[in-house]
Structure formats: structure tokens, C-alpha cells
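None of the values given here were measured: they were computed from a predicted structure.
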Amino acid sequence: MAYIDYYKILGVDKSATQDDIKKAYRKQARKLHPDLNPNDKEAEKQFKELNEANEVLSNPENRAKYDKYGENWKHGEEYEKAQQQQRQQYQGGNYGGGFSGADFGEGEDFSDFFQSMFGGAGGGSNRSSRGSASGKFKGQDVHAELNLNLKDAATTHQQTFDINGKKVRITIPAGVYDGQQIKLKGHGSPGINGGPSGDLYITFNINPDPNFERVGDDLKTKVTIDLYTAVLGGEVTVNTLDGSVNLKVKPGTQNGTTVRLKGKGFPVYKKDGHFGDLFATYDVKLPTDLTDKQKELFEQLKNS
């Protein structure tokens, strides 16, 4: 059963006041309400998650319990004792090497988590699976961030990093987006008293690119052309993520004109061969330091 970050669902920090929580809930509830999103299964799911998060965090007692123990709320005191034993056992050491690969995990049922923590029929079966009688506890989940530049995020590649002394190698599919989080099951901290290891959550941060702005799977870029090309037409080279293309500029092109390069945008996440579009906006650069002869020609054009 996966741990749920109710603060993240509401979009608030752990230091948020009860008033902040109430405002955040009302704002999102208006956006996700089923009446405003008929037949939208995703909005319906998010609305249920939002209500669940509000049910916990708007109640000071439930919130205190959630903050203190998280997913191990049921066995708080016993869990703290077991943690202390683990610290003594592993003091001064690490959790071993080894080299492992990992795939992106799938999420688990949120409502089971809620029922288990705050009561309900769903909690019964989980009590035995947690192994409370034997004192076995799942290890703490680990959260990490991975910074990528835009070109790296557009290419499927592998990266390796250390977590708890263990080398973890993951394959990052092309098309990951800024703020996207993945779960690597069993790659968190070791369990206590023989319990399962926690999970590793990785959040991707995509660094801003000086040449491209990403909007979903599309890219935007600016292309500078001179006045003569804008007036008379011509050809200009446009840089893309994987190279460059030549574009014909129509005579009389206005400043701010945008053209679309189909299929030259960002790769679609986990859809091989699918790409967004690239939108190039022309920035017409006016000439400076004109000679007297050039100024005279512009005067002739003005008065013609």
C-alpha cells in the first residue's frame, strides 16, 4: 500500500495553516467538481483524492497523527522503538553495495491507505499484512530529485546514482516532463526487523532552455530575420532539438508571425515515434546605422 502525500494533493506545504488548507481545498474543488466535469473519469478520481486529503488535513487530530507516523501510524510507539534498534544495529555502517536496475512502478489504491489510517473496512486486511505482531515494518520511503536539461529529457537514456550506499540505474524514457515523479519499488531504506524495504520516489526537474520553451509536447522558439527578408521574402535556418531546417519566408512577413513545423517538437512520453510540433515566431530586426544613401532609398519608398 503506497504512502500518499496529502499535502501534495492539496498543493500546500506541511507548514500550511488550517486556513491555507481550507482555501486550497475550495479552489481545487471548484475546478474538479463532477458537475463541471461530466463523464471525466480522471477529474472524478482527482476529486475523490482531494476530498480524502481534506478529510485528513482539515482535522487537527488526524493531521497530527498523519504528520507524526505517516504510513506507520498504527504502530507508532512500537515503530519508534524498532527504529531505535535499527539505528543501533546499523550505526556507523551503510546498507551495502550491489548494483541494480529498476523500472517505473505503478501507483497503489489510495482509498485503502485512507481506510487503513483513519478507519473503515479497508483497514482490516492490511493489519495482518503489516506484520505488527512480529514487529516487522516497511522501511522509510526515500525522495530524490534529478535535474535534466531539455535535450536530455527528449532522449531515452540511462542514469546511475547512489541511494543508501547502493548504486541504482534507471532508464529515463524520452518525453518526461518537469515535476514528474516516478516510483522505484523496494529501493528506499531497509525495512525494520525483516520488513520490506521502502520505495524510492524520483522527481524530475527540467532546467529552462535558452532557445526553446516547452508547452506540453510542443516547443516554441524565436527566429530573427532581417527587414529585407521580411519584405522581399527569402530563406532562414531554424534550429530544432535534433538539428536544423530551412524555412521559406514569404514576402511581406510581419513581425511576430508564427509558423508551425509539424513533428519537430518534443517526443511524447512513452509513445515511440510520436512528437509534438515546433512553433517558430519571426522577430524582424530593423536595420541600424543606415548610410545616407540607404536613408534616401527609404524616403523614396515612404513617399512613393
For residues Arg30 and Tyr25, is any side-chain donor paired with an opposing acceptor at under 3.5 Å?
no

Can you tell if the side chain of Arg214 reaches within under 4.5 Å of the side chain of Lys220, non-hydrogen atoms only?
no

Lys138/Asp199 ion pair, N-O < 4.0 Å:
yes

If you look at every heavy atom in Val12 and Ala16, which pair is closest and at what distance?
CB-CB, 3.8 Å

Nearest 0.5 Å, please: how far is CG in Asn205 from CD in Glu145?
4.5 Å

Measuring from atom CG of Asp218 to atom CG of Leu278, what distance do you get when rounded to the nearest 0.5 angstrom?
9.0 Å

Do Ile172 and Val268 sit in the same hydrophobic cluster, where Ile, Leu, Val, Met, Phe, Trp and Tyr count as joined when their side-chain heavy atoms come under 4.5 Å apart?
no

Would you say the side-chain atoms of Gln180 and Tyr269 include a donor-acceptor pair closer than 3.5 Å?
yes

Is Lys23 paired with Asp19 through a side-chain N to carboxylate O contact shorter than 4.0 Å?
yes

Nearest 0.5 angstrom please: Asp226 CG to Lys285 NZ, how far?
9.5 Å

Phe279 side, atom CZ; Thr221 side, atom OG1 - distance, nearest 0.5 Å
12.5 Å

Here the gap from Gln181 atom CD to Asp5 atom CG, rounded to the nearest 0.5 Å, amounts to 8.0 Å

Is there a side-chain contact between Leu227 and Val284 (heavy atoms, below 4.5 Å)?
yes

When you measure from the side chain of Gln28 to the backbone N and O of Ile9, does any donor-acceptor pair fall under 3.5 Å?
yes

Atom pair CZ (Phe137) and CG (Asn193), whose distance is rounded to the nearest 0.5 Å:
7.5 Å

Apply side-chain contact (heavy atoms from CB on, under 4.5 Å) to Gln159 and Leu146, showing your working.
CA-CA 10 Å; Gln159 288 210 20; Leu146 189 58; 3.5 Å; yes

After noting the C-alpha distance and the side-chain angles of Phe161 and Ile202, does the key distance pass the side-chain contact (heavy atoms from CB on, under 4.5 Å) rule?
CA-CA 11 Å; Phe161 49 96; Ile202 300 176; 3.1 Å; yes

Could you walk me through whether Leu247 and Leu261 pass side-chain contact (heavy atoms from CB on, under 4.5 Å), step by step?
CA-CA 9 Å; Leu247 278 184; Leu261 285 72; 3.9 Å; yes

Any donor-acceptor pair under 3.5 Å from Asp13 side chain to Ser15 backbone:
no

Distance alone, cut at 3.5 Å: any donor-acceptor contact between the side chains of Asp242 and Thr240?
yes

Check the pair Phe204 / Tyr177 against ring pair (Phe, Tyr, Trp, His ring centres under 6.0 Å), numbers first and verdict last.
CA-CA 7 Å; Phe204 295 110; Tyr177 53 85; 8.8 Å; no

Check whether any side-chain heavy atom of Ile21 sits under 4.5 Å from a side-chain heavy atom of Leu10, and report yes or no.
yes

I'd like to know if the side chain of Asn54 and the backbone of Leu50 have a donor-acceptor N/O pair within less than 3.5 Å.
no

Going hydrophobic residue to hydrophobic residue with side-chain gaps under 4.5 angstrom, can you get from Leu286 over to Leu297?
no

For Glu52 and Tyr6, run side-chain contact (heavy atoms from CB on, under 4.5 Å): C-alpha distance rounded to whole Å, both residues' side-chain angles, the deciding distance at 0.1 Å, then the answer.
CA-CA 8 Å; Glu52 192 171 294; Tyr6 288 135; 3.0 Å; yes

Are side-chain N/O atoms of Gln158 and Thr171 paired as donor and acceptor at under 3.5 Å?
yes

Does the ring centre of Phe275 sit less than 6.0 Å away from the ring centre of Phe266?
no

If only atom types and distance count, is the side chain of Asp152 paired as donor or acceptor with the main-chain N or O of Leu148 below 3.5 Å?
no

Lys222/Asp283 salt bridge by N-O under 4.0 Å criterion
no

Given 3.5 Å as the limit, does a donor-acceptor pair link the side chain of Asn59 with the main chain of Asn62, or not?
yes

Without hydrogens or angle criteria, can the side chains of Asn246 and Thr237 be said to hold a donor-acceptor pair below 3.5 Å?
yes

In terms of hydrophobic clustering (I, L, V, M, F, W, Y; side-chain heavy atoms under 4.5 Å; direct or indirect links), are Val249 and Val245 co-clustered?
yes

